[in-house]
Peer 1: 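Let me give you the structure first, and then I'll get to my questions.
Here is the naming used below: chain letters follow the sequence lines, and residue numbers restart at 1 for every chain.
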Number of protein chains: 2
Amino acid sequence: MSAAAAAPIRTAKGERTAERILDTAEALFAERGYAGTTLRDVASAAGLRIPSLYNHFAGKDALYAAVLERGIAPVIDALVAPDASDADTVQRILGQLNRRPNLPRLVQQEVLRGGEHLSPVLVQWFKPALTQAEETLRARPGSRRWSDEQIPLLVLALYQVVVGYFAIAPLMKALNGEDLLESEALARQTRFFADLVAALLPEE
Amino acid sequence: MSAAAAAPIRTAKGERTAERILDTAEALFAERGYAGTTLRDVASAAGLRIPSLYNHFAGKDALYAAVLERGIAPVIDALVAPDASDADTVQRILGQLNRRPNLPRLVQQEVLRGGEHLSPVLVQWFKPALTQAEETLRARPGSRRWSDEQIPLLVLALYQVVVGYFAIAPLMKALNGEDLLESEALARQTRFFADLVAALLPEE
DNA sequence: GAAGGAAACTAGCGCTCGTTCGTTTTCAAG
DNA sequence: CTTGAAAACGAACGAGCGCTAGTTTCCTTC
């Protein structure tokens with residue numbers, strides 16, 4: 001997409017408000033889920049009235065799909081980048097999640113819903129990502145520590161550690177006052193994750 | 001509570017239907033969240049009409065609180081059992097989650113909501129549980145592998161692995177057809193978790 | 001078996017949801 | 001400055017929500 005041949009240089013006003021709507025909707029959907037988020041809340045947080053939303057999105061479903069699409073697409077791009085090393089890929093994904101801290105919560109909301117009413121974009125993304133992660137892990141020399149049937153469980157565990165950290169951040173802030181999304185805390189978690197992988201899959 | 005001095009021996013009809021309502025509500029709340037679950041759905045799944053629910057619970061909020069209370073209480077009991085060894089505690093908690101596979105999804109729904117509208121029973125439970133887990137980990141000799149500031153992150157990571165496995169089970173079933181909650185798969189995950197802890201915190 | 005209370009039901013209330021119609025305002029191009 | 005389309009708006013619709021009053025049915029205990 002993005003066929004911007006001889007396109008207008010300055011982004012139009014409509015595009016900017018659409019982006020603002022997506023930002024506020026992303027935060028609200030991530031915190032309250034699809035059913036718990038009302039279009040009145042989205043409009044109010046975006047500084048608009050409800051009918052104005054319909055100038056940019058066909059309805060609640062379309063808005064939700066657009067939020068998911070905009071958030072997930074860069075992660076897919078980072079995952080399928082052909083020339084990247086494993087460490088680069090992990091670093092790039094962590095960077096993306098850092099830039100959009102609401103995305104993991106959004107994905108977790110979808111995961112919890114399980115089979116029913118699942119967004120197609122997520123289904124198409126999730127399975128190949130797990131498969132690729134499995135292959136990457138098997139290629140590491142340290143994977144011999146684990147049996148064949150344990151590798152998928154290891155992938156799942158690492159996924160949970162990465163995504164779960166962002167998902168639980170708001171709760172920890174409410175409980176401890178500690179902000180896990182601060183740059184220092186994020187750097188600490190990145191270091192910890194590297195140590196974790198090193199402990200589970202030693203290079204030698 | 002439960003002042004059952006000279007109480008009726010056989011459980012009354014009302015108690016049995018209350019239990020049935022709790023079961024169906026637990027499943028629906030876990031899958032669709034609080035806002036996404038309607039009392040009409042709960043009543044229909046329980047084989048009742050809506051007004052009958054109010055003979056057992058004061059309203060939607062009270063029903064949700066009762067579901068959470070019934071599910072979390074045994075886990076708390078397992079956590080604060082005074083004479084249990086660490087391995088016993090882990091085993092008992094995994095057994096509880098096995099018996100109530102919907103509970104982790106329910107807790108995750110609460111976690112995702114973060115600070116706002118958080119159930120008090122969860123807040124009171126979560127913080128001491130994390131603190132105790134931290135102490136337990138520090139007592140293990142293998143914890144010297146990790147720095148002081150990494151221990152809380154390790155606790156969080158292990159929590160995510162345990163709870164996340166149950167939370168993602170419905171999605172995996174929808175994607176692969178593989179049922180992670182089967183007894184064989186659960187035994188595999190239990191073994192894997194033990195290996196994981198052993199790799200992260202070696203005994204020697 | 002009679003009686004009384006618990007439990008399930010029918011009908012419907014007030015309210016908020018997502019959505020739409022018709023109008024007014026804003027903005028960028030000629 | 002004019003102009004026409006894009007964008008924001010006020011008002012309101014039908015549907016579905018949680019919840020309740022009043023009535024009927026069921027079960028338990030003498």
Side-chain angles (χ1 to χ4, degrees), chain A residues 4-29 31-68 109 113 116-117 119, chain B residues 2-29 31-68 109 113 116-117 119:
Chain A
I9 301 170
R10 295 261 296 127
T11 54
K13 172 194 177 190
E15 262 179 77
R16 274 183 287 118
T17 61
E19 205 77 10
R20 200 184 33 187
I21 294 172
L22 284 175
D23 286 340
T24 66
E26 182 182 279
L28 290 175
F29 280 138
E31 178 181 329
R32 312 179 187 179
Y34 179 83
T37 303
T38 73
L39 290 185
R40 283 164 175 80
D41 290 341
V42 174
S44 173
L48 292 173
R49 307 305 160 117
I50 307 169
S52 303
L53 300 179
Y54 287 83
N55 285 329
H56 305 275
F57 304 97
K60 192 182 183 183
D61 281 343
L63 174 59
Y64 185 72
V67 167
L68 231 58
Q109 298 267 13
R113 221 177 313 191
E116 293 300 317
H117 192 268
S119 170
Chain B
S2 76
I9 301 171
R10 296 257 298 127
T11 54
K13 174 192 177 191
E15 262 179 75
R16 275 183 287 120
T17 59
E19 205 76 11
R20 191 167 30 120
I21 293 173
L22 284 175
D23 287 340
T24 65
E26 182 182 281
L28 290 176
F29 281 137
E31 179 181 329
R32 311 179 187 179
Y34 179 83
T37 303
T38 72
L39 290 185
R40 282 165 175 80
D41 290 340
V42 174
S44 173
L48 293 172
R49 307 304 159 109
I50 307 169
S52 303
L53 300 180
Y54 287 84
N55 287 329
H56 305 276
F57 303 96
K60 192 183 182 184
D61 282 343
L63 174 60
Y64 184 72
V67 167
L68 231 57
Q109 300 265 14
R113 220 176 313 190
E116 293 300 318
H117 192 270
S119 170

Peer 1: How close or far is atom C1' of C:dT10 from atom OH of B:Tyr54, stated in whole angstroms?
Peer 2: 16 Å
Peer 1: Of the options D:dG18, C:dA8, C:dC9, whose atoms approach the side-chain atoms of B:Lys60 most closely?
Peer 2: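 Per side-chain heavy atoms of B:Lys60, the pick is D:dG18.
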Peer 1: Using only atom types and a distance under 3.5 Å, with no angle test, would you say the side chain of B:Arg20 pairs donor to acceptor with the backbone of B:Ala46?
Peer 2: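 Present.
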Peer 1: Quick one: is A:Ser52 getting a side-chain N or O under 4.0 Å of the D:dA7 phosphate, OP1 or OP2?
Peer 2: no
Peer 1: Heavy atoms, side chains only, cut-off 4.5 Å: are A:Leu39 and A:Leu63 in contact?
Peer 2: yes
Peer 1: Kindly give the heavy-atom pair with the smallest separation between B:Lys60 and B:Phe29, and that separation in Å.
Peer 2: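 Looking at all heavy atoms of both residues, the closest pair is CE-CE2, 4.3 Å.
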Peer 1: Nearest whole Å is fine: how far is C:dA28 P from A:Glu15 CD?
Peer 2: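 Rounding to the nearest Å, CD of A:Glu15 and P of C:dA28 are 12 Å apart.
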Peer 1: Which ones in residues 38-49 of chain A lie close to DNA chain D, meaning a heavy atom under 4.0 Å from one of its atoms?
Peer 2: A:Leu48, A:Arg49
Peer 1: For B:Ile50 and D:dG22, what is the distance between atoms CD1 and P respectively, to the nearest whole Å?
Peer 2: 19 Å
Peer 1: Calculate the interatomic distance between A:Phe57 atom CZ and C:dG18 atom P; express it in whole Å.
Peer 2: 15 Å
Peer 1: Minimum heavy-atom separation for B:Tyr54 and B:Gly59, please, with both atom names.
Peer 2: CE2-CA, 3.8 Å
Peer 1: Measure across B:Ala45 and B:Thr24 and return the closest heavy-atom pair with its distance rounded to 0.1 Å.
Peer 2: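 Closest heavy-atom pair between B:Ala45 and B:Thr24: O-CG2, 3.9 Å.
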Peer 1: Round to a whole Å and report the spacing from OH of B:Tyr64 to P of D:dC19.
Peer 2: 15 Å
Peer 1: Please identify which of these residues, A:Thr37, A:Thr38, A:Asp41, meets the side chain to side chain donor-acceptor pair (under 3.5 Å) condition with A:Arg32.
Peer 2: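 Only one option passes, and that is A:Asp41.
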Peer 1: In whole angstrom, give the distance that lies between atom CG of A:Leu53 and atom P of D:dA6.
Peer 2: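 For the pair A:Leu53 CG and D:dA6 P, the rounded distance is 18 Å.
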Peer 1: Does a side-chain N or O from B:His56 land closer than 4.0 Å to OP1 or OP2 of C:dA6, or not?
Peer 2: no
Peer 1: Measure from CD1 on B:Ile21 to P on C:dA7 and round the result to the nearest Å.
Peer 2: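 After rounding, the reported distance stands at 10 Å.
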Peer 1: What about A:Asn55, does its side chain sit under 3.5 Å from the base of D:dA8 through a donor-acceptor pair?
Peer 2: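 Such a pair exists between side chain and base.
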Peer 1: Please give me the minimum heavy-atom distance between A:Ala18 and A:Phe57, naming the atom from each residue.
Peer 2: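 Distance-wise, the nearest heavy atoms are O-CZ, 4.0 Å.
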Peer 1: On the nucleotide C:dA7, are OP1 or OP2 found under 4.0 Å from the side-chain N or O atoms that B:Lys13 carries?
Peer 2: no
